[in-house]
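Following: one structure in structure tokens, then a few remarks.
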Amino acid sequence: CNKINAAVITPVLAAGSSESPYYVQVNISQRLCCPTCVEKTPVFKPTFSVESVAMVGTGQYVATIKVEGVISYDPYGGGSCCMKSQLISQTFTIPIASATAPTSVTVTAGTSVNSVSATGCQQCSRGFVSETPLTVTVA
């Protein structure tokens, strides 16, 4: 690829998660440089870390989370000799409500589930999707 667009990262708070530890499902969508097929699921094992926590209002804070990892995939028609890799290194934010300023925010990632997003009868696509459950602990 000449230009790799940023991944779309969408954190969603789990229903019923109202106090620390919070449970968040993080969806990462990325356009791959080359199409790959659904039966050859790309490998992506992201790491998550807290970069900063900032106050944005009374009792309202934002944690900036960094996600890093490499998507490894077999491009359509490439065979096993031509694996491709694509880096994701981005930040996203998670809002936190707290009566007092958090002294510690940590994230723990669960197992990521990766897939190729193909529509209709298509078996191959450039659409990559990864979902990872996070546990966000605020103290």
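This chain uses plain numbering: 1 for the first residue, then up along the sequence.
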Not counting sequence neighbours, list each pair that qualifies as a side chain to side chain donor-acceptor pair (under 3.5 Å) and has a residue in residues 116-129.
Thr119-Gln122
Looking at residues at least two apart in the chain, or sitting in another chain, which of them share a side-chain contact (heavy atoms from CB on, under 4.5 Å) with Thr47?
Glu68
Sorted by first residue and then second, give each side chain to side chain donor-acceptor pair (under 3.5 Å) pair with at least one member in residues 95-113; sequence neighbours left out.
Ser112-Thr132
Between Phe48 and Ala109 the two heavy atoms that sit nearest each other are CD1-CB, 3.7 Å
Pairs where residues 90-111 contributes a residue and the test ring-ring contact (aromatic ring centres under 6.0 Å, His included) is met, not counting sequence neighbours:
none
Residues forming a side-chain hydrogen bond (donor to acceptor under 3.5 Å, both in side chains) with Ser130, sequence neighbours excluded:
Asn114
Can you list everything that forms a side-chain contact (heavy atoms from CB on, under 4.5 Å) with Cys124? Sequence neighbours excluded, please.
Cys37, Tyr76
Of all the heavy-atom pairs spanning Ala6 and Gln30, show the shortest one and how long it is.
C-OE1, 3.9 Å
Any pair with a residue in residues 109-136 that passes ring-ring contact (aromatic ring centres under 6.0 Å, His included), sequence neighbours left out, goes on the list, sorted by first then second residue, please.
Phe44-Phe128
Counting heavy atoms not belonging to Glu51, are there more than 12 under 6.0 Å from its CD?
yes
Pairs in or reaching into residues 3-25: which pass ring-ring contact (aromatic ring centres under 6.0 Å, His included), with residues at least two apart or in two chains?
none
Is atom NZ of Lys84 surrounded by more than 12 heavy atoms (other residues, nucleotides or ligands) closer than 6.0 Å?
no
Show your working on side-chain contact (heavy atoms from CB on, under 4.5 Å) between Ile28 and Val8 and close with a plain yes or no.
CA-CA 6 Å; Ile28 300 172; Val8 176; over 6 Å; no
Can you list the residues that meet the side-chain contact (heavy atoms from CB on, under 4.5 Å) rule with Ser85, with sequence neighbours excluded?
Val70, Ser72
Heavy-atom closest pair, residues Thr58 and Met55:
CA-CE, 4.1 Å
Linked, directly or transitively: Tyr73 and Val38 (ILVMFWY side chains, under 4.5 Å)
no
Quick one: do Gln25 and Glu131 satisfy side-chain contact (heavy atoms from CB on, under 4.5 Å)? Show the steps, please.
CA-CA 7 Å; Gln25 185 77 3; Glu131 292 198 341; 3.3 Å; yes
same_hphob_cluster(Leu13, Val26) at 4.5 Å side-chain heavy-atom cutoff:
yes
What about Val116 and Ile88, same hydrophobic cluster or not, with Ile/Leu/Val/Met/Phe/Trp/Tyr joined at side-chain heavy-atom distances under 4.5 Å?
no
Got a sec, which residues hit side-chain contact (heavy atoms from CB on, under 4.5 Å) with Val56, two or more places apart in sequence or on another chain?
Gln60, Val62
Could you list the cluster mates of Val12? Members are the ILVMFWY residues connected by side-chain heavy atoms closer than 4.5 Å, either directly or through other members.
none
Remaining members of hydrophobic cluster (4.5 Å side-chain criterion), Val129:
none
